[in-house]
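Structure record follows, encoded as structure tokens.
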There are 2 protein chains.
Amino acid sequence: MKPRLSDIARIAGVSKATASRALANSPLVKEETKRRVLEVAKQYNYQPNALAQAVATKRSGILGFCMHKSQHPYFGHSFFGPMLDGAIEEARRHNYHILVAPADPANTTFDEHFIQDSIDGVILATFTPMEPIQEFRRRNIPLVLVNDAVPTPNNAFIVQDEYGGARAVMRHLIEERGHRKIAFISDRLSHLSYYLRYLAYLDAHREYGLEIYNNPKIKLGNVWGNFPRPDRQKLEMLGQKVREIEGTPIIIEGNDSSQARDAVYPILMATDDKDLPTAIFAATDSLALGTIEAIWEAGLEVPQDIAVAGFDDLPMSAAFTPPLTTVHANPFEMGQAAVQELLKLIANPQRESAIRWVDTHLVVRKST
Amino acid sequence: MKPRLSDIARIAGVSKATASRALANSPLVKEETKRRVLEVAKQYNYQPNALAQAVATKRSGILGFCMHKSQHPYFGHSFFGPMLDGAIEEARRHNYHILVAPADPANTTFDEHFIQDSIDGVILATFTPMEPIQEFRRRNIPLVLVNDAVPTPNNAFIVQDEYGGARAVMRHLIEERGHRKIAFISDRLSHLSYYLRYLAYLDAHREYGLEIYNNPKIKLGNVWGNFPRPDRQKLEMLGQKVREIEGTPIIIEGNDSSQARDAVYPILMATDDKDLPTAIFAATDSLALGTIEAIWEAGLEVPQDIAVAGFDDLPMSAAFTPPLTTVHANPFEMGQAAVQELLKLIANPQRESAIRWVDTHLVVRKST
DNA sequence: ACCGGCAATGCAACCGGTTGCATTAATTTC
DNA sequence: GAAATTAATGCAACCGGTTGCATTGCCGGT
């Protein structure tokens, strides 16, 4: 039978209380007594029962990592996977554990059962954050939101530098590659991330005094999808404003390469040479992949005829043909950051809410 | 303040014991009393404290899912990600939770701290299973091994049908595409999975009376890598035997596409036309990708000059150019199966060890 | 009227720890 | 040398549940 604290205490000839304190290295216990207790503990290979400790201390040492079943076949796992890795690693460093919970976007209840008293804090890592947020707040559970920032006090937010990364792409295309007609293709702009990338696309044009790509053959799709427009307050928290749509971005419903191909190909075919863009900035690598296929099928070359840049730097993007120029995201670091912020929040629940930026950087490969 | 069981009991006018039983729907409690208690519970939004329950019942409802930080950039997360999803989904269905723990291959201790009493069972999902297995056995923790089967009583093993999948590839190449000179490229054969794929490659040759591809230009690499040879007992459990290496498989150290390219290209260049294979069976999609690149660079076409088939069916494989013929693995289902077997093992710890096969199937695309 | 049996409930111990406070032992102060 | 202070330990309550067993009340049988 596994030894219990009471066993250790008895054998070491002290009370349960003293044994407990000795193991916790409390200054109340005489050094010699500590040694004795520790020795007995080691000898009998005593391991405290974490659950009992948790109920006694009201601190489980478990963090909830809540994510959707990965929506996108290769993006989903490539992004949230490393993020989870990062969270696990950082959690372990601080003797915390990660419990993964599915967030059902339909059913916004996050695993009611377990969460109540058993979790010290929660990381919500999704791309379409539902709003069980209020639920967490009501229950006073420290919460970190990844990829989103809502005007809620006392939470922390982890966001990657979408805008900066996209600006770097544009700078590269314009300054280093001399492009002046750059098209933009994206999943629904109602996603905060994509919208920020789009804003960078717009601002770059302003910065360099270029006209925004406007192709009469493109009829603007459903820019916002079925989602509400990006929230003004959220954008302000991220240092941005809501803006009108300019030019003719190609909007896909979903971060899906074959849809991108199907959308881009007919445009290329229907467009006069003078209306063709010389570069296409895809809001995600996945869309970039579809875009490249479409260009090939139209009998054109990447990057000679049309350059393509993406965003995310999926692990496979370096193996594309041609290897993709893109913005390197760092989900692993986001996971670490999320845990760090969460632990701060747990340590000091009155801490005011903070936005933690995670850097992105341009990776130039062969597609531009 | 959150209501406790004692609060509910008091308000409903019963004892803690009765309240507890009422909530557990025990037949000992009168229907009317149950109703009253449940009503009060609902009214006050009572949620039992899972940790307290866990310590009282000695059953935490938490399963450990133990995996390496995903080794391979695109394979790792694409495979273990869905597996984790499957485990989570199945666990949730049975009101269990998944705690993910990193398995440090170097340091074989699996999160000593938490595991002791707090976890009902463990799933070990790695490709190079370390042997903290003994540790789990000593502690009587039910254990499920994924992708491996060791001759240990009272555990369960989840393995996908590597052999069958690989046979299907060979059948396709030989019967439907008429290939007679088929090369094989693989990561180290000391990995059980790859070895089984190789055995299928050999057996198919025997079945169809073909000569195994033997290219004088290929010098056999380090077939076993730094790992021990596949274990005889393990193989027997999986219905196979240790066999001699036949032909000249191309062996890479690592499941890495660029290494595959670097290995295949010089062989193609150095080989007379008559020695060229007409098809290459790559033991993984990742290697298939590198192989295809090498073929292109050698100025040949896929599949016209050389057909290529892979194994794994990564989400991205359908987006290769050309889309890859491969064997569809089902990590999601493996995750589900792992949880199912684990729960059986928890319910009946004396259950004898079982191997659970997860199907694979051929997906024919354009590369063959 | 008495007893046995059963359904419903409550008491109190238990799971395995932690911690406030009282108690004792050891040391200092006057 | 007694009183006051401090260091070390133990007692017992507590965290929030579950469960074995005793108790109560009600019923039918004789």
Practice item. Spell out protein contact along nucleotides 9-22 of chain D as letters: B when the base is contacted, S when just the sugar-phosphate is, - when no protein heavy atom is under 4.0 Å; keep the 5' to 3' order. Key: BBB---BBBBBBB-
Practice item. Work out which heavy atom in Ile123(B) is nearest to a heavy atom in Ala338(B); give both atom names and the distance. Key: CD1-CB, 3.8 Å
Check your understanding: Which of parallel (below 30°), tilted (30 to 60°) and perpendicular (above 60°) describes Phe227(A) and His191(A)?
Key -> tilted
Practice item. Ignoring hydrogens and angles, tell me if any N or O in the side chain of Asp7(A) forms a donor-acceptor pair with the backbone of Arg4(A) under 3.5 Å. Key: yes
Study note, to complete from the structure: Heavy-atom contacts, protein to nucleotides 23-28 of chain C, under 4.0 Å, summarised as B (base), S (sugar-phosphate only) or - (none) per nt, yield ------
Study note, to complete from the structure: When Asp120(B), Ile88(B), Leu342(B) are each screened for side-chain contact (heavy atoms from CB on, under 4.5 Å) with Tyr96(B), the one that passes is Asp120(B)
**Study point:** Any residue meeting salt bridge (Lys or Arg N to Asp or Glu O under 4.0 Å) with Glu39(A), in chain and number order, not counting sequence neighbours
**Key:** none
Exercise for review: Determine, stepwise, if the pair Lys34(B) / Glu31(B) fulfils salt bridge (Lys or Arg N to Asp or Glu O under 4.0 Å).
Suggested key: CA-CA 5 Å; Lys34(B) 267 187 208 172; Glu31(B) 283 306 323; 3.5 Å; yes
Review point. With Arg356(A), which residues qualify under salt bridge (Lys or Arg N to Asp or Glu O under 4.0 Å), at least two apart?
Key: Glu341(A)
Review point. Among all residues two or more places apart in sequence or in another chain, which pass the ring pair (Phe, Tyr, Trp, His ring centres under 6.0 Å) test with Phe157(A)?
Key: none
Review point. Does Ser118(B) offer a backbone N or O that forms a donor-acceptor pair with the side chain of Ser60(B) under 3.5 Å?
Key: yes
Exercise for review: Could you run through DNA chain D and flag its stems, i.e. three or more consecutive Watson-Crick or G-U pairs with both distances under 3.5 Å?
Suggested key: C:1-30 with D:1-30
Practice item. Could you tell me whether a side-chain N or O of Arg351(B) sits under 3.5 Å from a main-chain N or O of Leu345(B), the two making a donor and an acceptor? Key: no
